[in-house]
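Proteins get letters first, then strands, A, B, ... in listed order; numbering begins at 1 in each.
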Amino acid sequence: MLKSNTNKQSKPMLSIKTPKSLRAKRALEKRAPKLVELEKKTLILHGTKTSNTLNAVLTEIYHLKKDNSVKYSRRNDNIRPFEAGGETSLEFYSLKTDCSLFVFGSHSKKRPDNLVIGRTYDHHIYDLVEVGVENFKSLSSCSYDKKIAPLIGSKPFFAFIGEGFENVEELKHLKEVLLDLFRGQVVSNLNLAGLDRVYVCTAVGSNKVVFTHCALRLKKSGTVVPKVELVEVGPTMDLVVRRHRLPDESLKKEAMKVAPELIQRKVKNVSKDAIAGKIGKIYVPDQQVRSTPLPFTPKGVKRERREAKAKGDDKHSEKKQKKQKQDDEASA
Amino acid sequence: MAEEHQQYQIDLGNLVAFDPNHQFSCLPDNREDLVKECIAHGTKLIQAVADALFNLPSTQDASGPVVSLPPPSTKLPREKPLPKPKPPTKWEIFAKKKGIQNRKKDKLVYDEQTGKWKRRHGYDRVNDDNDLPIIEAKMTDEPGVDPFAKRRSEKKQRVEKQEKNRLQNLKEAAKVGALPSHVQLAATALPITGTQTAPRKVSKDELQNVAGMAATSTASGGKFDKKLAGEKPPKHDKKYRKFLPVVEGSGMGSLEKQQSDKILNKLMAKNSHEIFNVGKAVDMYNAKSDKKRRNQQGKSSSSTSSKLKVRKSPYKNASKKKLSNKGKSK
């Protein structure tokens, strides 16, 4: 009954728990931290009160990011992202759904049509941007040729216009967050036929951004590069930055770390030639003719040494001992 | 100005074009015009990105031209911390030191005895330990030892040792923070606390108490519970009734007489004044005398009459009379 560690045959105090099915194991490994990360998932939810526009905004963002986002339909009363204790629910949901981005909508008299876009690091709040939505134009209100409608999951182009994105800190932050939100997966091989959509963000004034989603049409031009045409398709809205919270310096530093294995270090002494292929130079050091230790001891020196020893001159014997030591080290 | 227009910051890895120098000299009043202007400007930017993109070397694929994108230049934060590299296991350290290479083993092995290809692990395997019909005796074998049982126990020991080593390796990894994502190490014998506070260390007596309680709560009263090597037998020997022997042996006083005397004394003690608790009587006397002295001192100093003084408890003296060992039991 009582477990004690003194007995040698007793079971250890720790037990190893592993998932009982391969499916569970795969699910756990999917959520584990990786060297190179996959797409970030988004959680879309709303607070106590929402307006019609806000509902439409949230559903449209969900449609834009259909394959990597989760939308909660119930209201969540206790989430207040900018308050100290109000983010525990968000962190819990982020943990459960494995989402590192969230879009939280709420509507109040003071902050109408409010969207809080936030990121988490290790399922704790990393940074937040609070934006107000104005002049919202939904997907359904734009009329366009259905053939060019962008497909779900296609990699988007981004166009950021305006010096506000460079100068104003809040807009800079918003730019980074919008990029993170709509970027999708980071790919190394891209199929040029699948380029569909464009997000155009224009900074107007010091706190307003006009956000547009357009479909991309590539027209034949004379050269390899096709002519680009944008057709306004999806939601268009004005985002007015209200509040924002930047991450702590230490947290930011930790989150921006790149694995040392992934940093491509410059390989020295390798160059490519069109004819010869890969070339590298071999540097041969100068030969030390005089000071190389010889594998054999010259025999003629014995008498000399004997005489020197008899004299009491110890230099030769010291040198011999040193040489022997060197040889031993070289051969070991 | 024209040059600035061309110098858009392009991040090919993310397909981003950024124009940091654009200003709206005059905002169009109409919303639609504003949007149109934004889109028009956006088109220029996207054209610049497309130029760079389509000029990359592309390979032909079934669905279209495939281009190898460079890594993105804008750094975005990670969503989870970097995984820590696993510390090498004890075997890996040893193998590295000795220079042992890991050789891939085949799934099928040729079994000479049957002349067939059998699998290495699993059902009907090569060199199965349990399949040996005859084990030849060696000179070193003791006569009474069952070789089959011995083999089984040796294998069991090997398996236990391996499990112990595996646990040690995992503990080492957990110390660094590099536990594999699908493995959890759980402490099995912690007491269940509802709060998050660390359970305090329990004393030996407390543990014995709890063990005793747990034992009595079992269906057989803890009689058949497996006891560990150092565990003491239960304090109360389960016998709550004592029956006197039918026949008295010589050398013992009359047990029955003693038993009945004891019961009688207990009964009589309630009304007996002879049974006297000396200690208690002394204490009571001392307390009484102290109080008297204090009262007299108080009287000399104060001028109030004794009548106005409140009598503390008129019934107190009555309880003092019964000096008995009523509460005392053997």
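The shortest heavy-atom contact between A/Pro33 and B/Pro81 is CB-O, 3.2 Å. Taking all atoms of both residues into account, the shortest heavy-atom contact from B/Leu76 to A/Met256 is C-SD, 3.8 Å. Smallest separation of non-hydrogen atoms from A/Phe157 and B/Val49: CE2-CG1, 3.5 Å.
No more than 12 heavy atoms of other residues, nucleotides or ligands shown are found within 6.0 angstrom of NZ on A/Lys252. For B/Asp29, the CG atom counts as loosely surrounded, since its 6.0 Å shell holds 12 or fewer non-hydrogen atoms of other residues, nucleotides or ligands. Summarising the local packing, CD of A/Glu134 is surrounded by more than 12 heavy atoms from other residues, nucleotides or ligands at distances under 6.0 Å. More than 12 heavy atoms of other shown residues, nucleotides or ligands fall within 6.0 angstrom of atom CG in B/Asp146.
With chain B as partner, the option from A/His123, A/Glu163, A/Glu232, A/Arg119 having the largest number of non-hydrogen pairs under 4.5 angstrom is A/Glu163. Contact count against chain A (heavy-atom pairs under 4.5 Å) is highest for B/Leu15 among B/Asp11, B/Asn14, B/Leu15, B/Leu56. The candidate with the highest count of non-hydrogen atom pairs below 4.5 Å against chain B, out of A/Asp238, A/Leu230, A/Leu190, is A/Leu190. With chain B as the partner, the residue from A/Ala193, A/Ala27, A/Ser100 showing the most heavy-atom pairs under 4.5 Å is A/Ser100. The residue among A/Val200, A/Thr120, A/Asp122 with the most heavy atom pairs within less than 4.5 Å of chain B is A/Asp122. When the candidates A/Thr236, A/Thr202, A/Asn135, A/Val258 are compared by the number of heavy-atom contacts under 4.5 Å with chain B, A/Asn135 comes out ahead. Your options are B/Leu27, B/Leu170, B/Leu82, and the one with the most heavy-atom pairs under 4.5 Å with chain A is B/Leu82. Looking only at heavy-atom pairs under 4.5 Å with chain A, the residue among B/Lys164, B/Gln47, B/Glu163, B/Glu160 that has the most is B/Gln47. With chain A as partner, the option from B/Pro20, B/Gly13, B/Ala50 having the largest number of non-hydrogen pairs under 4.5 angstrom is B/Pro20. Chosen from A/Leu192, A/Asn189, A/Val204, the residue pairing most often with chain B at heavy-atom distances under 4.5 Å is A/Leu192.
For a residue to count as touching a neighbouring chain, one of its non-hydrogen atoms must lie under 4.5 Å from one of that chain's; by this rule A/Ala203 touches chain B with the backbone only. When heavy atoms are compared at a cutoff of 4.5 Å, A/Leu101 does not approach chain B at all. Of the two parts of A/Tyr126, only the side chain, counted from C-beta on, holds a non-hydrogen atom closer than 4.5 Å to a non-hydrogen atom of chain B. With a 4.5 angstrom heavy-atom cutoff, B/Val35 touches chain A only via side-chain atoms. Residue contact with chain B, scored on non-hydrogen atoms closer than 4.5 Å, involves the backbone and the side chain of A/Val224 alike. For A/Val231, no part sits under 4.5 Å from any heavy atom of chain B, backbone or side chain. Contacts of A/Arg26 with chain B are absent, with no heavy-atom separation under 4.5 Å from either backbone or side chain. If you measure heavy-atom distances from A/Pro247 to chain B, you find no contacts under 4.5 Å at all. Both the backbone and the side chain of B/Glu79 come within contact range of chain A, each with at least one heavy atom under 4.5 Å from a heavy atom of that chain. Within the 4.5 angstrom heavy-atom criterion, atoms from both the backbone and the side chain of A/Glu29 approach chain B. Residue contact with chain B, scored on non-hydrogen atoms closer than 4.5 Å, involves the backbone of A/Glu39 exclusively. Residue A/Leu171: no heavy atom, backbone or side chain, is found under 4.5 Å from chain B.
At a heavy-atom cut-off of under 4.5 Å, chain A is reached by B/Pro65, B/Val66, B/Val67, B/Ser68, B/Leu69, B/Pro72, B/Thr74 from residues 65-74 of chain B, listed in order of number. The contact list for residues 206-215 of chain A toward chain B, using heavy atoms and a distance under 4.5 Å, reads A/Val210, A/Thr212, A/Cys214 by residue number.
Geometrically, A/Lys175 engages B/Phe18 in a cation-pi contact, judged by NZ or CZ lying under 6.0 Å from the ring centre and within 45° of the ring axis.
Atoms CG and CZ, on B/Leu45 and A/Phe158 in that order, are 13.5 Å from each other to the nearest 0.5 Å. Atom CD of B/Gln184 is separated from atom CG of A/Leu28 by 7.5 Å, given to the nearest 0.5 angstrom. Distance OG/B/Ser181 to NZ/A/Lys34: 8.0 Å, rounded to 0.5 Å.
Put simply, the side chain of B/Pro77 reaches to within 4.5 Å of the side chain of A/Glu176, judged on heavy atoms.
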*asked:* Evaluate A/Glu229 against B/Ile46 for side chain to side chain contact (heavy atoms under 4.5 Å, CB included), listing each step before the verdict.
replied: CA-CA 9 Å; A/Glu229 193 189 308; B/Ile46 300 298; over 6 Å; no
*Tell me, with the steps shown, if B/Arg78 and A/Glu37 meet side chain to side chain contact (heavy atoms under 4.5 Å, CB included).*
CA-CA 8 Å; B/Arg78 287 178 61 94; A/Glu37 288 188 327; 3.4 Å; yes
*After noting the C-alpha distance and the side-chain angles of A/Thr223 and B/Asp51, does the key distance pass the side chain to side chain contact (heavy atoms under 4.5 Å, CB included) rule?*
CA-CA 10 Å; A/Thr223 59; B/Asp51 283 342; over 6 Å; no
*Take B/Ile39 and A/Val198 through the side chain to side chain contact (heavy atoms under 4.5 Å, CB included) test and state the conclusion after the steps.*
CA-CA 10 Å; B/Ile39 292 179; A/Val198 181; over 6 Å; no
